[in-house]
Amino acid sequence: MAPDGHRPFWQLLDSSAQTEIERLGRLVGFPRGSSILQQYDRTDHLLVLRHGCVKVVVESDTGYRAILAIRGPGDLVGEQAGLDGGSRSASLYALTEVTALVVPLSRFGTVKESRPAVARALQQVLSGRLREADRHRTDTGSGHVRTRLAGLLLKLADQYGHPTDGGTVRITLALSQDDLAGLVLSSRRTVVRLLEHWREAGWLRTGRCLIELHDLAELEKLARADPSVGLSRPEADP
């Protein structure tokens, strides 16, 4: 997920730079669940997400598939291939209906050279993603999976949740249990066990492409790693 305090690429630009990039690109819509970019492809454009969100997925040569991040409105995606001239390092899939500004890499390079505001915004995005990767590596060796999973669910609720009349928050993103495991750097088995326990406790409900949070207070305690919060049966972090 995007780090706390994260400002997406589009918000880092002044209005004149936004207008210039809009002039160079074109708005394209993508239906929910569709493939937007494919790993290993050599394509000549990047995207600025205007509405909706996507998941960034990488697949190894052995077939292992992991979700690396979720990107939302204002985020720049697909820029890495343009910077190093290589093929796509990951795939993008629409988690919701998505509208994106598609900009040819050559045109983006020109505006980046002519407008310092664009170059500065790009540098801030790249620096932020390096910090994000460092934090993920640190989280792997510190804290519990339950803490990271509770924090992830709360962040998803804050960014993409829809409050209901009953006081619950509904997250309707097409995220699988494998996706959740990848986002918290854990195994699917551990995530499935935690979700099962939290369902039994009445803290949440899960379904196909659906997570409903019923007890935000308990999840917030877990996200803070509150030592007073215990589980009725032991869990072994992977």
Side-chain angles (χ1 to χ4, degrees), residues 1-4 6 8 30-39 47 49 51-60 63-75 77-78 89-100 129 132-133 135-136 139-140 143-164 168-201 203-216 218-220 222-223 235 237-238:
M1 295 295 296
D4 292 339
H6 161 78
F30 300 92
R32 176 174 173 163
S34 63
S35 171
I36 298 176
L37 294 175
Q38 276 297 308
Q39 186 176 351
L47 302 96
L49 301 178
H51 302 286
C53 59
V54 303
K55 63 180 178 181
V56 183
V57 177
V58 65
E59 190 167 338
S60 70
Y64 176 73
R65 191 168 181 269
I67 180 171
L68 300 182
I70 294 176
R71 304 294 181 206
D75 278 328
V77 292
S89 59
S91 299
L92 291 181
Y93 296 95
L95 286 171
T96 65
E97 289 189 1
V98 169
T99 302
R129 289 181 183 172
E132 183 181 0
R135 184 168 50 254
H136 279 315
D139 287 346
T140 306
H144 293 284
V145 175
R146 63 175 177 266
T147 301
R148 300 199 296 272
L149 181 58
L152 171 65
L153 294 178
L154 290 169
K155 185 167 287 188
L156 291 175
D158 179 60
Q159 295 180 348
Y160 309 109
H162 306 281
T164 69
T168 66
V169 178
R170 180 173 296 173
I171 306 165
T172 55
L173 296 180
L175 290 171
S176 68
Q177 292 172 333
D178 286 324
D179 290 338
L180 295 176
L183 286 167
V184 297
L185 305 173
S186 181
S187 67
R188 182 180 185 277
R189 179 173 175 270
T190 298
V191 167
V192 168
R193 187 172 67 249
L194 285 169
L195 292 176
E196 178 185 1
H197 180 76
W198 295 350
R199 283 195 300 268
E200 293 173 354
W203 298 353
L204 53 77
R205 181 174 73 89
T206 61
R208 182 174 176 80
C209 300
L210 170 70
I211 303 173
E212 278 188 354
L213 304 187
H214 295 169
D215 197 329
L216 297 178
E218 290 297 335
L219 290 171
E220 286 168 355
L222 283 180
E235 54 158 322
D237 287 344

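- Between L92 and V56, some side-chain heavy-atom pair lies under the 4.5 Å cut-off.
- If you take OG1 on T172 and CZ on R208, they are separated by 13.5 Å, rounding to the nearest 0.5 Å.
- Partners of R32 according to the side chain to side chain donor-acceptor pair (under 3.5 Å) rule, which considers only residues two or more places apart in sequence or in another chain, do not exist here.
- Rounding to the nearest 0.5 Å places CG of D179 at 10.5 Å from CZ of R188.
- The number of heavy atoms from other shown groups lying within 6.0 Å of CD (E59) is above 12.
- Taking 4.5 Å as the limit, some side-chain heavy atom of R193 sits within range of a side-chain heavy atom of T190.
- A donor-acceptor contact shorter than 3.5 Å is absent between the side chain of S34 and the backbone of A94.
- When side chains are defined from C-beta on, L175 counts as touching I67, because their heavy atoms get closer than 4.5 Å.
- Across all non-hydrogen atoms, the minimal contact from L49 to A100 is CD2-CB, 4.1 Å.
- For the atom pair CG of L185 and CG of L68, the computed distance is 9.5 Å after rounding to the nearest 0.5 Å.
- At least one side-chain heavy atom of R205 sits less than 4.5 Å from a side-chain heavy atom of L210.
- I171 approaches A157 most closely through the heavy-atom pair CD1-N, 3.7 Å.
- Taking 4.5 Å as the limit, every side-chain heavy atom of L156 sits out of range of all side-chain heavy atoms of L213.
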L173 vs C53, side chain to side chain contact (heavy atoms under 4.5 Å, CB included): CA-CA, chis, key distance, verdict:
CA-CA 9 Å; L173 296 180; C53 59; 3.6 Å; yes

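- Taking the side chain as every heavy atom from C-beta outward, W198 and R146 approach each other to under 4.5 Å.
- Between F30 and L47 there is a side-chain heavy-atom pair separated by less than 4.5 Å.
- In this structure, the side chain of S91 engages the main chain of Q39 through a donor-acceptor pair within 3.5 Å.
- Annotation: side chain of L180 is in contact with side chain of I211 (closest heavy-atom distance under 4.5 Å).
- When all heavy atoms of S89 and V58 are compared, the closest pair comes out as O-CG2, 3.7 Å.
- Interatomic distance, L153 CG to L194 CG, rounded to the nearest 0.5 Å: 10.0 Å.
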After noting the C-alpha distance and the side-chain angles of L149 and L222, does the key distance pass the side chain to side chain contact (heavy atoms under 4.5 Å, CB included) rule?
CA-CA 9 Å; L149 181 58; L222 283 180; over 6 Å; no

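- In terms of modelled atom types and a separation under 3.5 Å, the side chain of D158 and the main chain of K155 share no donor-acceptor contact.
- A distance of 6.5 Å separates CD in Q177 from OG1 in T206, rounded to the nearest 0.5 Å.
- The two residues G52 and P73 have their closest heavy-atom pair at O-CD, 3.3 Å.
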Step by step, work out the side chain to side chain contact (heavy atoms under 4.5 Å, CB included) result for R199 and L204.
CA-CA 5 Å; R199 283 195 300 268; L204 53 77; 3.4 Å; yes

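- Of all non-hydrogen atoms in Q38 and Y93, the two that sit nearest each other are NE2-OH, 3.0 Å.
- Residues that satisfy the side chain to side chain donor-acceptor pair (under 3.5 Å) test with T164, not counting sequence neighbours, are T168.
- Here the shortest heavy-atom pairing between V191 and A181 reads CG2-CA, 3.7 Å.
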